[in-house]
Amino acid sequence: TMRLLAEEQKLGTLELLMTAPVRDYEIVLGKYLAAMASLLSTLIPTVYLVLLLSWFGSPDTGPILSGYLGLVLFGMATLSVGLLASSLTGNQIVAAVVAIGALLLLSVISLAETYVGGIFNELVRQLSITNHFESFARGVIDTHDAFYYLSMTVFLLFLTVRSLESRRWR
């Protein structure tokens, strides 16, 4: 995701995209869907392993399917973080560092649970991107966790569109 918009800005082709008869949200959605297609193309070959497992054994398909759903939702959220970071800068290395830093912060924030108390404990638990994946890994599809990933994705894509729109005023 570090190249999606940062490289466009660096090469000067973002101006061409911005002057094309497409809206900013269409640009962001197109870039995001391309990144999602790339993510899904890496997950689809792993279905072969599930088929082999089913052929030689009798696994419980519930945890397998919920794990795949969790991976897709987790990937959707992380791709939107990377796309936002890519929209903020013209350098793809800076975009990668910002995205990795934000995702690292969202991943390790749950470690602060033991040090804070009261309402901050619940806030830290709800902000953690990895805590919401645990139920999917156990085979439980919790709508609260799915809503977290979907709302995070939509909110970050909204911020990405606003970031692109702000370029028109600079």
Side-chain angles (χ1 to χ4, degrees), residues 1-50 64-110 126-137 140-170:
T1 60
M2 66 186 187
R3 292 187 61 182
L4 288 175
L5 290 169
E7 191 72 12
E8 296 272 354
Q9 183 180 357
K10 181 181 174 187
L11 295 176
T13 55
L14 186 61
E15 292 175 13
L16 181 64
L17 268 178
M18 299 292 278
T19 57
V22 292
R23 295 181 176 93
D24 292 337
Y25 76 87
E26 292 171 338
I27 295 170
V28 170
L29 198 58
K31 296 280 187 181
Y32 181 74
L33 290 176
M36 273 303 297
S38 177
L39 173 71
L40 291 176
S41 70
T42 60
L43 284 178
I44 288 174
T46 63
V47 174
Y48 173 71
L49 299 172
V50 175
I64 294 171
L65 294 177
S66 72
Y68 272 111
L69 177 64
L71 278 174
V72 169
L73 290 171
F74 186 86
M76 287 172 60
T78 56
L79 287 176
S80 63
V81 170
L83 187 59
L84 175 63
S86 180
S87 74
L88 296 174
T89 181
N91 188 339
Q92 62 182 340
I93 302 301
V94 173
V97 169
V98 168
I100 289 170
L103 289 172
L104 186 64
L105 180 69
L106 287 172
S107 296
V108 299
I109 197 168
S110 64
Q126 294 304 319
L127 283 177
S128 175
I129 197 168
T130 53
N131 279 353
H132 292 281
F133 185 73
E134 290 174 0
S135 63
F136 290 108
V140 177
I141 299 175
D142 188 3
T143 56
H144 175 264
D145 297 330
F147 180 75
Y148 168 79
Y149 286 126
L150 291 174
S151 62
M152 182 178 178
T153 300
V154 168
F155 178 67
L156 291 173
L157 289 177
F158 171 77
L159 289 179
T160 305
V161 170
R162 294 295 173 233
S163 172
L164 275 184
E165 285 178 354
S166 72
R167 291 181 188 276
R168 293 189 192 278
W169 299 102
R170 288 189 230 168

Between [X] and [Y], is there a donor-acceptor pair closer than 3.5 Å when you use the side chain of the first and the backbone of the second?
X: S86; Y: L5; value: yes
X: Y148; Y: L127; value: yes
X: S41; Y: S38; value: yes
X: E15; Y: G12; value: no
X: S163; Y: S87; value: yes
X: S107; Y: L103; value: yes
X: H132; Y: A146; value: no

[X] and [Y]: which non-hydrogen atoms are nearest, and at how many Å?
X: Y149; Y: A77; result: CD2-CB, 3.8 Å
X: V140; Y: S66; result: N-OG, 4.0 Å
X: F133; Y: L71; result: CE1-N, 3.6 Å
X: A102; Y: V81; result: CB-CG1, 4.0 Å
X: S110; Y: T130; result: OG-OG1, 4.3 Å
X: K31; Y: L4; result: NZ-O, 3.1 Å

Side chain proximity check, M2 to V97, heavy atoms < 4.5 angstrom: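 SC-SC contact between M2 and V97 ruled out.
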Residue pair T78 / L106, side-chain heavy-atom distance below 4.5 Å: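 Contact flag for T78/L106 side chains = no.
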Look up atom [atom1] in [X] and atom [atom2] in [Y], then write down how far apart they are to the nearest 0.5 Å.
X: L73; Y: M152; atom1: CG; atom2: CE; result: 12.0 Å
X: D24; Y: L29; atom1: CG; atom2: CG; result: 12.5 Å
X: L88; Y: L83; atom1: CG; atom2: CG; result: 9.5 Å
X: F136; Y: L69; atom1: CZ; atom2: CG; result: 5.0 Å
X: N131; Y: Q126; atom1: CG; atom2: CD; result: 8.5 Å
X: L105; Y: I100; atom1: CG; atom2: CD1; result: 13.5 Å

Residue among [options] satisfying side-chain contact (heavy atoms from CB on, under 4.5 Å) with [X]:
X: Y25; options: L164, V161, L157; answer: V161
X: Y32; options: L156, T153, T1, T160; answer: T153
X: E8; options: T13, L16, I27; answer: T13

Regarding S135 and D145, do their side chains bring together a donor and an acceptor under 3.5 Å, going by distance alone? yes
Determine, step by step, whether F155 and L159 satisfy the side chain to side chain contact (heavy atoms under 4.5 Å, CB included) criterion, reporting the C-alpha distance in whole Å, the side-chain angles of both residues, the deciding distance to 0.1 Å, and the verdict. CA-CA 6 Å; F155 178 67; L159 289 179; 3.5 Å; yes
Could you give me the CA-CA distance, side-chain angles and deciding distance for V72 and M36, then say whether side chain to side chain contact (heavy atoms under 4.5 Å, CB included) is met? CA-CA 9 Å; V72 169; M36 273 303 297; 4.2 Å; yes
